[in-house]
Trainee: 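Would you mind keeping the following structure in view while I ask a few things?
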Amino acid sequence: MPVNIGDKPQADFSQPIELMMDCHRRIERFLLALEKIGRTGALDVQHRAALRTALDYFKLAGPRHNEDEEASLFPALAASGDIAATEAVTRMRQLAEEHAEAEKLHHRIDELGEAWLKSGKMIDEDQEEFRRTVESLIRIYTPHIAMEEQDIFPLAARLLRRETLIGIGEQMRSRRAANPGREGSQCSRRRRPGL
Ligand SMILES: [Fe+2]
Ligand SMILES: [Fe+2]
């Protein structure tokens, strides 16, 4: 994988929180791509490729990121025993509910997007629904990511022991080893120009 001069060093599985933040940057980037694609009336070659990449990302890497949080980070934080972590349990529950809510919207985007790719066209009502659904996703993700990055992740970085963080990183590695997906879709890889 090429490394560009000026890139910050790539996070690896020993830095699970940094990896999760890399995932957020990808989520934001692919949401913007979907928003842009939704505004176009026709799918040219470039939009078609961008739509394919975004749909693939949210089909595989998106749920895996949620699992990293729901099955690894949140339980580890809740189990830390610290009063601040106990108080954060309600907020982590809310974040998990938002994952489920976003998942339903991603499912609809997937249906509409796959049909669009297949036929090359989309009726006005479907395009309008595509746009509205992307907007709804952005409305969920913006405060969601802010809460994770400004509240939950700093708390985890402060409270979790180094070996716990290493364990979370290993769980993340196993998830990706079980199903690597397409190259470039992983949070542990830096974005290549043009992807
Ligand atoms: Fe999340
Ligand atoms: Fe997240």
Side-chain angles (χ1 to χ4, degrees), residues 8-35 53-80 82 84-110 133-160 164-182 184-191 195:
K8 73 179 171 71
Q10 181 181 331
D12 61 33
F13 288 109
S14 68
Q15 299 171 293
I17 293 175
E18 287 80 356
L19 278 185
M20 289 180 198
M21 287 169 70
D22 285 350
C23 283
H24 288 171
R25 301 294 81 78
R26 281 182 185 277
I27 289 168
E28 289 163 348
R29 189 162 54 83
F30 285 122
L31 284 174
L32 283 179
L34 289 176
E35 193 181 33
T53 307
L55 293 181
D56 287 348
Y57 177 81
F58 284 118
K59 218 175 291 184
L60 177 66
R64 210 163 41 190
H65 172 73
N66 293 346
E67 208 183 337
D68 291 339
E69 293 173 346
E70 287 183 41
S72 298
L73 185 73
F74 297 170
L77 188 55
S80 71
D82 190 278
T86 307
E87 285 168 2
V89 165
T90 310
R91 303 199 292 288
M92 290 192 276
R93 208 170 288 145
Q94 179 196 325
L95 290 167
E97 282 167 11
E98 288 167 2
H99 290 163
E101 201 183 331
E103 200 56 45
K104 281 186 218 148
L105 298 175
H106 279 303
H107 181 70
R108 187 61 188 140
I109 286 289
D110 199 55
T133 309
V134 173
E135 277 169 23
S136 300
L137 278 169
I138 292 172
R139 269 200 301 276
I140 292 172
Y141 275 111
T142 304
H144 180 96
I145 287 175
M147 184 189 280
E148 289 179 347
E149 295 196 358
Q150 292 165 25
D151 174 0
I152 302 300
F153 290 2
L155 197 59
R158 182 162 66 83
L159 297 179
L160 296 182
T164 303
L165 288 168
I166 297 278
I168 290 171
E170 283 310 311
Q171 290 165 22
M172 291 171 70
R173 187 203 299 276
S174 303
R175 277 182 201 112
R176 282 147 186 84
N179 189 354
R182 69 186 280 287
S185 70
Q186 301 193 34
C187 299
S188 55
R189 304 270 177 87
R190 283 205 73 78
R191 176 164 73 92
L195 264 182

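For ligands, and for the atoms within them, numbers begin at 1 and follow the listed sequence.
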Trainee: List for me each residue that meets ring-ring contact (aromatic ring centres under 6.0 Å, His included) alongside F153, sequence neighbours excluded, and say none if there are none.
Mentor: H24
Trainee: Suppose we only count N/O/S atoms under 2.8 Å; would C23 qualify as near the Fe ion (ligand 2)?
Mentor: no
Trainee: Mark yes or no for whether R176, through its side chain, and M172, through its backbone, hold a donor-acceptor pair below 3.5 Å.
Mentor: yes
Trainee: Show all protein N/O/S atoms under 2.8 Å from the Fe ion (ligand 1), or state that there are none.
Mentor: E69 OE1, H99 NE2, H144 NE2, E148 OE2
Trainee: Using a 4.5 Å cut-off on heavy atoms from C-beta on, say whether the side chain of Y57 contacts that of I27.
Mentor: yes
Trainee: Going by an N to O cut-off under 4.0 Å, is there a salt bridge joining D68 and R173?
Mentor: no
Trainee: Could you check whether E69 and H99, counting side-chain N and O atoms only, form a donor-acceptor pair closer than 3.5 Å?
Mentor: yes
Trainee: Parallel, tilted or perpendicular: which describes the rings of F30 and F58, with under 30° parallel and over 60° perpendicular?
Mentor: perpendicular
